[in-house]
> 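Shown below is the structure under consideration.
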2 protein chains.
Amino acid sequence: MNRTLPPSDSSEPGRARKRAASSVQEAIQQSRPFRSTGQEALIGLLLTADLVRRQLSAVVEPRGLTLQQYNVLRILRGANAHGLPTLEIAHRMIEQTPGITRLLDRLEEKKLVSRERCRVDRRQVLCHISTAGLELLAALDEPMNHADERLLSALSPAELTRLVRLLDHVRARTQANLDPSSPTRPT
Amino acid sequence: MNRTLPPSDSSEPGRARKRAASSVQEAIQQSRPFRSTGQEALIGLLLTADLVRRQLSAVVEPRGLTLQQYNVLRILRGANAHGLPTLEIAHRMIEQTPGITRLLDRLEEKKLVSRERCRVDRRQVLCHISTAGLELLAALDEPMNHADERLLSALSPAELTRLVRLLDHVRARTQANLDPSSPTRPT
DNA sequence: GGGCAATAGTTTATGTGTCAACTATTGTTT
DNA sequence: AAACAATAGTTGACACATAAACTATTGCCC
């Protein structure tokens, strides 16, 4: 993407737009090359993640689930028996607090999860996956695994490992940089 | 959601929640390991992209823009003078058609873009970025570049290139499997 | 043991994404 | 020229994300 600082900048016409460009450049049809590899990487990351999200959504959508709902069910399946308090689910997702409530509302409407006040700490609401939920997940395991494989079939095992490592690095660094002092302190 | 640990949690002694695992495993706190590296890669991809999106959103949000709105402005800045028809913008984003209309509606309300019927083909609506829009973008260039660098500062140039290449591969394969009428195909 | 802050969760409001159905214009066919 | 399909875009309905304000419960601590 073009990055030029002055206010009335940029956008000169007739810029050559066909060069042996990277896939990202082609995808967004920008008329200039990237300012940096980093920028290209970020855009590639977002494009790829969107593509993956779409593909995975398409797998669960026929069963009437969104990807987020599927995720909650997976979390609950993995957490079994005792159930999980609502916010614990939110923490394990990339979800904000208010979103998880309604997400669980819809799952409960579909009888895929059940909720109950915790007797020990009555502030908490414990969530469980129902038998129907488990069955639904079971039915989705196959196609989901298949989609996973298909999506990454372009990469060799070694490349996959490298990708995982690179992504881990990015997250590790960024999360370390995040403000550790939470601003949610009314004082 | 940020994985920032609660400061001195210690509410329960018996609650050891750390294990020496990959960053992804730690993040989602799944009790079992991944079935495959591919799955780990996908989840890592989604987590990382979400993180990046959040960080970049935080940069444009103080100016009252969403990341998508910012993107549209960038596209329009890059597309100069003649303006772009609505759907052309949508194609350059990962946006669906209806979304772009309302997105442009909001940008127009803020006087950041203008729209007009094309006289040649009256079905089309040509979109332009306004002077105010250009100024806003200019003001965001600096912090945006800074954020880009910060986000990927963990990776060396060589690693960045590798990441770009790996992501390109994933998209290339998947999109090839997807629909043969690729919308973003210049020459 | 009464006051008060932190915690767990929900509600509300707003912005947005997406699907389906719709309008308007153009191109094509006959 | 009338009919019809394709194109460009909008509108409506609904799910979702996020921030802010709210309720209920618990823990603290004096």
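Just so we're on the same page: letters track the sequence lines, and every chain starts at 1. All of these numbers come straight from a predicted model, not from anything done at the bench.
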> Indicate yes or no: at least one non-hydrogen side-chain atom of A:D141 is less than 4.5 angstrom from one of A:R77.
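Yes, side chains in contact.
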> Determine whether B:V60 and B:T66 satisfy the following criterion, side chain to side chain contact (heavy atoms under 4.5 Å, CB included), listing intermediate values before the conclusion.
CA-CA 6 Å; B:V60 299; B:T66 66; 5.9 Å; no
> Ion pair present between B:D50 and A:R53, side-chain N to carboxylate O less than 4.0 angstrom?
yes
> Output the rounded distance in Å from CG (B:D50) to P (D:dC16).
16 Å
> Under the side chain to side chain donor-acceptor pair (under 3.5 Å) rule, collect the residues that match up with A:E135, sequence neighbours excluded.
none
> Going by heavy atoms closer than 4.0 Å, what residues in residues 103-116 of chain A are next to DNA chain D?
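Here the set is A:R106.
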> So, B:D168 and B:R171, do they make that salt bridge, N to O below 4.0 Å?
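Here B:D168 pairs with B:R171 in a salt bridge, since their nearest N and O are under 4.0 Å apart.
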> OP1 or OP2 of C:dA8 less than 4.0 angstrom from a side-chain nitrogen or oxygen of A:T86, does that happen here?
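Checking C:dA8 against A:T86, no side-chain N or O comes under 4.0 Å of OP1 or OP2.
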> Just how far, in rounded Å, is P of D:dA17 from CG of A:L67?
10 Å
> Quick one: CD1 on A:I89 to CG on A:L103, what's the gap to the nearest 0.5 Å?
9.5 Å
> Need to verify one output field. Residue with the more 5' nearest nucleotide on DNA chain D, A:Q69 or B:Q124?
B:Q124
> When the nearest nucleotide of DNA chain C is assigned to B:I100 and to A:I100 on a heavy-atom basis, which residue is associated with the more 5' position?
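Between the two, 5'-proximity favours A:I100.
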> Calculate the interatomic distance between A:I89 atom CD1 and C:dG9 atom P; express it in whole Å.
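After rounding, the reported distance stands at 9 Å.
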> Let me know the distance between CZ of B:R53 and C1' of C:dG15, rounded to the nearest Å.
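My rounded result for the distance is 16 Å.
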> Output the rounded distance in Å from CD (B:Q68) to C1' (D:dA17).
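My rounded result for the distance is 13 Å.
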> Are A:E116 and A:H128 linked by a side-chain donor-acceptor pair shorter than 3.5 Å?
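A donor-acceptor contact under 3.5 Å links the two side chains.
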> Figure out the CE/C1' separation between A:M93 and D:dC16, and round it to whole Å.
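So the two atoms are 11 Å apart, to the nearest Å.
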> Any side-chain heavy atom of A:Y70 within less than 4.5 Å of one from A:R63?
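Answer no - side chains too far apart.
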> Below 4.0 angstrom from OP1 or OP2 of D:dG9, is there any side-chain N or O of B:T101?
no
> If Ile, Leu, Val, Met, Phe, Trp and Tyr residues are connected whenever their side-chain heavy atoms lie under 4.5 Å apart, and connections chain through other members, are A:L112 and A:L126 in the same group?
no
> Rounded to the nearest Å, what distance is computed from the OH atom of residue A:Y70 to the P atom of nucleotide D:dC16?
16 Å
> Any idea which of D:dC16, D:dA8, D:dT18 is nearest the B:L87 side chain?
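The answer is D:dA8, which lies nearest to the side chain.
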> Please list, for nucleotides 19-25 of chain D, all pairs of protein and nucleotide N/O atoms separated by less than 3.5 Å.
residue, atom, partner, partner atom, Å
D:dT25, OP1, A:R122, NH2, 3.4

